[in-house]
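Report on the structure given below.
The shown structure was predicted, so the numbers you read here are calculated from the model rather than taken from an experiment.
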Amino acid sequence: MSSPSTPHSAEGPRAARGRPPRLDQGRTARAALDLLDEAGLDALTMRRLADAVGVQAGALYRHFATKQDLLTVMAERMLEGCSAPPPEGDWSERLTVLAHRMRTALLAHRDGARVYAGTHSTGANTLGFAETLVGVLREAGFRDEDAGRAVLAVVNFTVGHTLEEQAALQPRDSAAAGAGPAEAGPADPDRLRRAVAAQDFPHLTAALPVLTSTDFAAHFAFGLNLLVQGLRATERNGPAGAAEARP
């Protein structure tokens, strides 16, 4: 990995001798996250990123063989600080803190969950977060297999929920769509209300106040609590409990 870039000259981002500025993954990932926040994932291209850091697009491929490699580094950077041990307490409280911490990290960036989904970083932030999660469960007495699957369930729920949350709340980019002013996102509560009202869906009608609510923090807390309660059942029905239940 090359050393950090030198300060830009008065003539622009290229150095005085005509050499392109040196690249490193950290600086490039920060620039990519800035572009993500500004324009969204669909507008984040390697060419646009190259312009932002003052190099030719081909120079980026020395650090990122594909755009997916770039997204993986961005995802790794988003989880910075998430692996710190949660406050002392019951395992369920500690796991809940970690899940909320991850959601907050993804929400901190436009399309953050879309960037994270499908990446498989082996960096210190990602592995450290997983290590902390697994540690909370193993220290609580969960079997290694159950702890591993629980981590997958918590992470997948958190990413999936945040994907839907960001898609529902974020306006469509009028520039990317070629439209006029920014429009509301695809999850329009009034559209759902009209569709349900026009047909005979009594059960959906009863649940509409929740289904059309944008209180995603409450939705997330409810779903996470279901996971925790399921893990409590796993904890109760572990090897010892299963042995006692056998005739």
Side chain proximity check, Leu98 to Cys82, heavy atoms < 4.5 angstrom: no
Thr28 versus Phe64, closest heavy-atom pair with distance: CG2-CE1, 3.6 Å
Inter-residue atom distance Leu71.CG - Ser121.OG, 0.5 Å rounding: 12.0 Å
For the student: nearest non-hydrogen atoms of Val53 and Arg27, plus distance: O-NH2, 3.7 Å
Test: Glu38 and Arg48 ion pair at under 4.0 Å: yes
Pairwise distance OG1(Thr234) to CG(Leu137) - rounded to 0.5 angstrom: 10.0 Å
Donor-acceptor contact below 3.5 Å, side chain Gln166 vs main chain Arg110: no
Pair listing, ring pair (Phe, Tyr, Trp, His ring centres under 6.0 Å) test, anchored in residues 30-54, at least two apart: none
Steps toward side chain to side chain contact (heavy atoms under 4.5 Å, CB included) verdict (Leu95, Leu231): CA-CA 11 Å; Leu95 181 144; Leu231 286 171; 4.1 Å; yes
With sequence neighbours excluded, residues passing side-chain hydrogen bond (donor to acceptor under 3.5 Å, both in side chains) with Asp90: Ser92, Arg232
Closest contact, heavy atoms only, Ala153 versus Leu227: O-CD1, 3.9 Å
Value rounded to 0.5 Å, distance of CG in Leu133 from CE in Met102: 8.5 Å
Hphob cluster co-occupancy, Phe201 + Leu192, side-chain heavy atoms under 4.5 angstrom: yes
Qualifying residues under side-chain hydrogen bond (donor to acceptor under 3.5 Å, both in side chains), relative to Arg77, sequence neighbours excluded: none
Met78 vs Leu106 side-chain heavy atoms within contact, under 4.5 Å: yes
Non-hydrogen atoms of Ser83 and Asn125 that approach each other most closely: CB-O, 4.4 Å
Residues in side-chain hydrogen bond (donor to acceptor under 3.5 Å, both in side chains) contact with Arg103, at least two apart in sequence or another chain: Glu165
Heavy-atom pair of closest approach, residues Arg94 and Gly89: CD-O, 3.5 Å
Single-linkage hydrophobic cluster, 4.5 Å side-chain cutoff, Leu107 and Leu35 together: no
Results of side-chain contact (heavy atoms from CB on, under 4.5 Å) for Asn156 - residues two or more places apart only: Leu152
Inter- and intrachain pairs under side chain to side chain donor-acceptor pair (under 3.5 Å), touching residues 198-218, at least two apart: Arg193-Thr212
Partner residues of Thr122 under the side-chain contact (heavy atoms from CB on, under 4.5 Å) criterion, sequence neighbours left out: Leu127
For Phe220, all residues meeting ring pair (Phe, Tyr, Trp, His ring centres under 6.0 Å), sequence neighbours excluded: His100, Phe157, His161
Residues in side-chain contact (heavy atoms from CB on, under 4.5 Å) contact with Ala221, at least two apart in sequence or another chain: none
Minimal non-hydrogen separation, Ala117 against Val159, with atom names: CB-CG1, 4.0 Å
Stepwise side chain to side chain contact (heavy atoms under 4.5 Å, CB included) check, Thr119 with Gln68: CA-CA 8 Å; Thr119 60; Gln68 187 62 35; 3.6 Å; yes
Set of salt bridge (charged side-chain N to carboxylate O under 4.0 Å, His left out) partners for Arg30, sequence neighbours left out: none
Phe216/His219 aromatic ring centres below 6.0 Å: yes
N/O donor-acceptor pair under 3.5 Å between Asp37 side chain and Asp34 backbone: no
Side-chain (Glu76) to main-chain (Thr126) donor-acceptor, under 3.5 angstrom: yes
For Arg101, all residues meeting salt bridge (charged side-chain N to carboxylate O under 4.0 Å, His left out), sequence neighbours excluded: none
Flag side-chain contact, heavy atom, 4.5 Å: Thr162 against Tyr116: no
In one Ile/Leu/Val/Met/Phe/Trp/Tyr side-chain cluster, 4.5 Å: Val154, Val97: no
Salt-bridge contact Asp146-Arg149 (side-chain N to carboxylate O under 4.0 Å): no
Pair Trp91-Glu139, side chain to side chain contact (heavy atoms under 4.5 Å, CB included): steps then yes or no: CA-CA 8 Å; Trp91 67 263; Glu139 290 167 8; over 6 Å; no
Under 3.5 Å: donor-acceptor pair, side chain of Arg138, backbone of Ala147: no
Qualifying residues under side-chain contact (heavy atoms from CB on, under 4.5 Å), relative to Asp111, sequence neighbours excluded: Leu36, Leu41, Arg114, Gln170
